[in-house]
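The block underneath contains the structure these notes are about, expressed in structure tokens.
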Amino acid sequence: MSERFTVRVGAAGADAAPDLWGLFIEDLNDALDGGLNAELIRNGDFEFNEADREGWHALTGWDAVGEVEVRHEDPVHENNAHYLRVTGPAVLANEGWDGIGLTEGDRLWLTCFARAQGEPVRLETEVGDGLARAGASVAPGGWQRVEIDFTAAATGRGELRIAVPEGAVVDLDCVSLRPLDTDGEPLTFRPDLLAALQDLRPSFIRFPGGCLAHGLGLENMYHWKRTIGPRHEREQIRNLWGYHQSRQIGYVEYFELCEATGATPIPIVAAGVCCQNTPGGGKPIPESEMDAYVQDVLDLVEFANGGTDTEWGAKRAALGHPEPFGLRYLGIGNEDQITDAFRDRYARIEDAVITAYPEITVIGTSGPQPAGPDYEAGWAYARERGTPMVDEHGYQIPRWFHQNTDRYQAYDPAEAKVYIGEYAARSNKVRSALAEAAYMIGLERCPEVVKLASYAPLLARVGHTQWEPDLIYFTADEVRPSASYFVQRGFGEERGERVHPVELEGVQAVPVALPREGTARLRSDRATVAFTDVRLDGNRLPDAVTSAEGEGVLLGGIDPTSAELEFEAVQQEGIEGFTVVLGPEAPQSFLEVHIGGWQNKSTTVTRSDDGIGECDHGPIPWTGVQTGKPVRVRVRLDGPRVQVWVDGELRHDYEQDLRPERRVEAGVLSRARTGGSEYVLRLVNATDLARTASVVLPEEGPVSGSMRVLAGAGPDEGVPGETSPMTLVEVTAKGDNGVELELPPWSFTTGVIRPVG
Ligand code: AHR
């Protein structure tokens, strides 16, 4: 039994945004080193250290049998300060990331710097047990570059071993093992991951992030000039996601990736301030260094676009790329707090870029969330300055996406151009992917406002993730696309030139109702907390103690539309505060009030629906709970209104969003073809019902085409780290003046319909 509805397509309207769908790349989840970077050796430079992650050191990733010493006198380069002195007999082993996998016949390129002490030294290298073997001699003298081209004799997985013979003493650094392509060139990018990105047909690629762009501390800020040139001269620094940035994929490789995928680059430079989450807060680049920083930003544009007769264009040519990279956009800042220091630094950078390069579209920033103080302040500042485009971010629950398919219709195209630089519905489940698809239809429908959009994060190595959900998971030998990946691919593959208005007849948005029954619970995930003077709806309850190990304390039943809870809390030990949980028991819809959550720095109200949670209000910065110091909390639910007082201060006062969800969505674009137009259709059915869509086109006559139907067995299918279990089926469609399409429950359908003849 299928529910029918009609998609009535109007005459062509505005031009589609030509660069709309792109990619966001950040070195997060081992996305670059251990991921897209084809390098097979982990910590080949011996530069890992304690600042990257507790317990890491120059030999992390290596096993050594024999005498080895980490040294730093007279290094290969000052930016590659550590190397290894090996006294034979010794064997060094490195298994890369989860083992080095080879297929018989693979050509490999092993390189390193070596310096023999005294006598010449013969190095013997082997991958696995005889998978691939080679050797090279190092003559006495200074640092020499060793290069070995060899071929895998068998298929398997193992570690790289370098053997140094008895009596020999040799210094080693920058050990690298890369596959060679069929032309004998070492690969820059891991081929299967590159292919997965190419298949998305991105119009642009954003780089280097994300938080990585502005860095956790001024010393951690991303400076593009320090990422080009020979590998051993690049600056390697701590990755704020808790590992190491080798910078082997630096700015040149990024631009090359854009070329390899047919994308235009969108570099994001820091707005002259580091991340506000830096301990002690965000800091601006000192006044004395600001001019040089602004010049660096201008030099980036010249490096990308300048003729070879310019200083930085010539450097690009010297690095092997005389052709310009075609930079058209430049982002300044990432989710920054809109402070006076930010305004000052941002203005200087933007003014300089717009003056020197009026053809570049500058993109400003508007905080980490699609609402709230930094969003408001970021937009206000952008309007005041006339910033050409603004970057908005939105990690939300699926419901938010279905409620916001028309979000950008409320923006004034005369003053607002938007880049949705990071967005994702918070899970790898089918329901999240389809919520994104519905939202993307809404983005495509507002081409005069929404110019660019990129899902984030893009890549994640299974077992090495710091953030979920991600678009593409991978292991050492597999690429595992999420459901969202197939949605993104559907939008990227078939683009239109003009957007058509559509009217849906016979389908209703799904109402969002507040639950009428639920419970109140107190919990503390990272502390032990004593609660006294607890009053729920006016009734005094027994005192309670919660601890990190426990599930918390159930206080009793509530009506989530009319409830009041008040108590005093004392954190007895731990590192954070506590949480008030209000609503039906998980996994249905409930609210959590976090007092001293997120490193004990804020108060936040989050909402969880169907086991997927995200911030509903806040985070609002706060001094945090202090061990032994009482905190008085009052929470009041009144219809959709949520109010939270902490020590008498009203910190949260907002109305829950009860707009209905557009679970069934349709979008239509057209593009010119010889003798007329063809239509790109998108249809989302994020419901339990099978539906038949009768698509009525604006032109008479027979049409046919093929559609791809991406369908899940249920909304909760899909877990991080696994390939999406959604099925992709190709169907043909024929009709007169339109087509009838069968939309399975929980599906996304896209494809092209052409006039016949
Ligand atoms: O995409 C992961 C992170 O989310 C980005 O680094 C940051 O900009 C956002 O908060």
Side-chain angles (χ1 to χ4, degrees), residues 22-33 35-36 197 202 204-217 220-222 237-243 245 249 254 266-271 273-278 282 331-338 342 346 363-375 378 390-397 400 418-428 432 436 452-461 464-473 482 484-485 488 597-599 601-602 604 606 613-615 618-619 621 720:
L23 307 181
F24 160 100
I25 292 194
E26 176 164 9
D27 192 359
L28 152 69
N29 308 317
D30 283 4
L32 298 187
D33 292 337
L36 192 57
L197 303 189
F204 66 86
I205 301 179
R206 171 190 180 124
F207 177 85
C211 291
L212 219 72
H214 55 183
L216 214 49
N220 195 236
M221 194 176 269
Y222 202 97
I237 62 171
R238 170 172 72 100
N239 185 317
L240 52 78
W241 296 105
Y243 57 104
Q245 296 181 66
I249 294 191
Y254 158 53
I266 303 189
I268 305 294
V269 297
V273 280
C274 65
C275 182
Q276 59 268 27
N277 299 325
T278 305
I332 304 175
N334 176 69
E335 299 190 350
D336 296 275
Q337 202 170 7
I338 312 300
F342 165 86
Y346 179 92
I363 306 170
T365 184
S366 64
Q369 284 165 345
D374 287 318
Y375 167 83
V390 172
D391 180 18
E392 287 189 3
H393 293 182
Y395 297 100
Q396 297 289 330
I397 59 175
W400 183 93
V418 182
Y419 166 31
I420 300 153
E422 299 181 26
Y423 69 96
R426 281 284 200 187
S427 84
N428 282 120
S432 286
E436 289 152 8
L452 309 161
S454 43
Y455 180 103
L458 180 68
L459 292 165
R461 188 174 185 105
H464 301 257
T465 54
Q466 293 87 37
W467 184 287
E468 282 170 359
D470 303 290
L471 197 67
I472 304 170
Y473 294 91
S482 67
S484 299
Y485 174 86
Q488 294 285 328
W598 200 63
Q599 301 172 347
K601 288 202 302 207
S602 63
T604 313
T606 61
E614 200 20 276
C615 183

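Every number for a ligand or one of its atoms is a count from 1 in the order of the listing. Sequence positions, counted from 1, serve as the residue numbers for this chain.
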Do Asp470 and Asn29 touch side chain to side chain, with heavy atoms closer than 4.5 Å?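 With C-beta onward as the side chain, the pair touches.
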
Within a strict 4.5 Å, meaning less than it, do heavy atoms of the Leu212 and Asn220 side chains meet? no

Does at least one non-hydrogen atom of Gly209 fall below 4.0 angstrom from an atom of ligand 1? no

Return the [atom1] to [atom2] distance between [X] and [Y], rounded to the nearest 0.5 Å.
X      : Y      : atom1 : atom2 : value
Leu28  : Ile25  : CG    : CD1   : 11.5 Å
Leu452 : Ile363 : CG    : CD1   : 5.5 Å
Tyr473 : His464 : OH    : NE2   : 14.0 Å
Gln488 : Leu23  : CD    : CG    : 8.0 Å
Phe204 : Ser454 : CZ    : OG    : 4.0 Å

From the options Tyr455, Tyr423, Tyr395, Trp467, select the one whose nearest heavy atom is closest to atom 1 (O) of ligand 1.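 Closest candidate by heavy-atom distance is Tyr395.
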
List the closest protein heavy-atom neighbour of [atom]: residue, atom name, distance to the nearest 0.1 Å.
atom                    : answer
atom 6 (O) of ligand 1  : Glu26 OE1, 2.6 Å
atom 10 (O) of ligand 1 : Glu335 OE1, 2.9 Å
atom 4 (O) of ligand 1  : Glu422 OE1, 3.1 Å

Part of Trp241 with heavy atoms under 4.0 Å of ligand 1, whether side chain, backbone, both or neither: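 It is the side chain that gets close, since no backbone atom is under 4.0 Å.
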
Just heavy atoms, cut-off under 4.0 Å: does Asn334 contact ligand 1 by side chain, backbone, both, or neither?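 Answer for Asn334: side chain.
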
Which atoms from ligand 1 have a heavy atom of [X] less than 4.0 Å away?
X      : answer
Phe24  : 1 (O)
Gly210 : 5 (C), 6 (O), 8 (O)
Leu28  : 2 (C)

Apply the ring pair (Phe, Tyr, Trp, His ring centres under 6.0 Å) test between Tyr395 and each candidate in Trp467, Phe24, Tyr455; give the one that qualifies. Trp467

Would Cys211 count as being in polar contact with ligand 1, using the rule that some N or O on each side must be under 3.5 angstrom apart?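 N/O-N/O distance under 3.5 Å: yes.
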
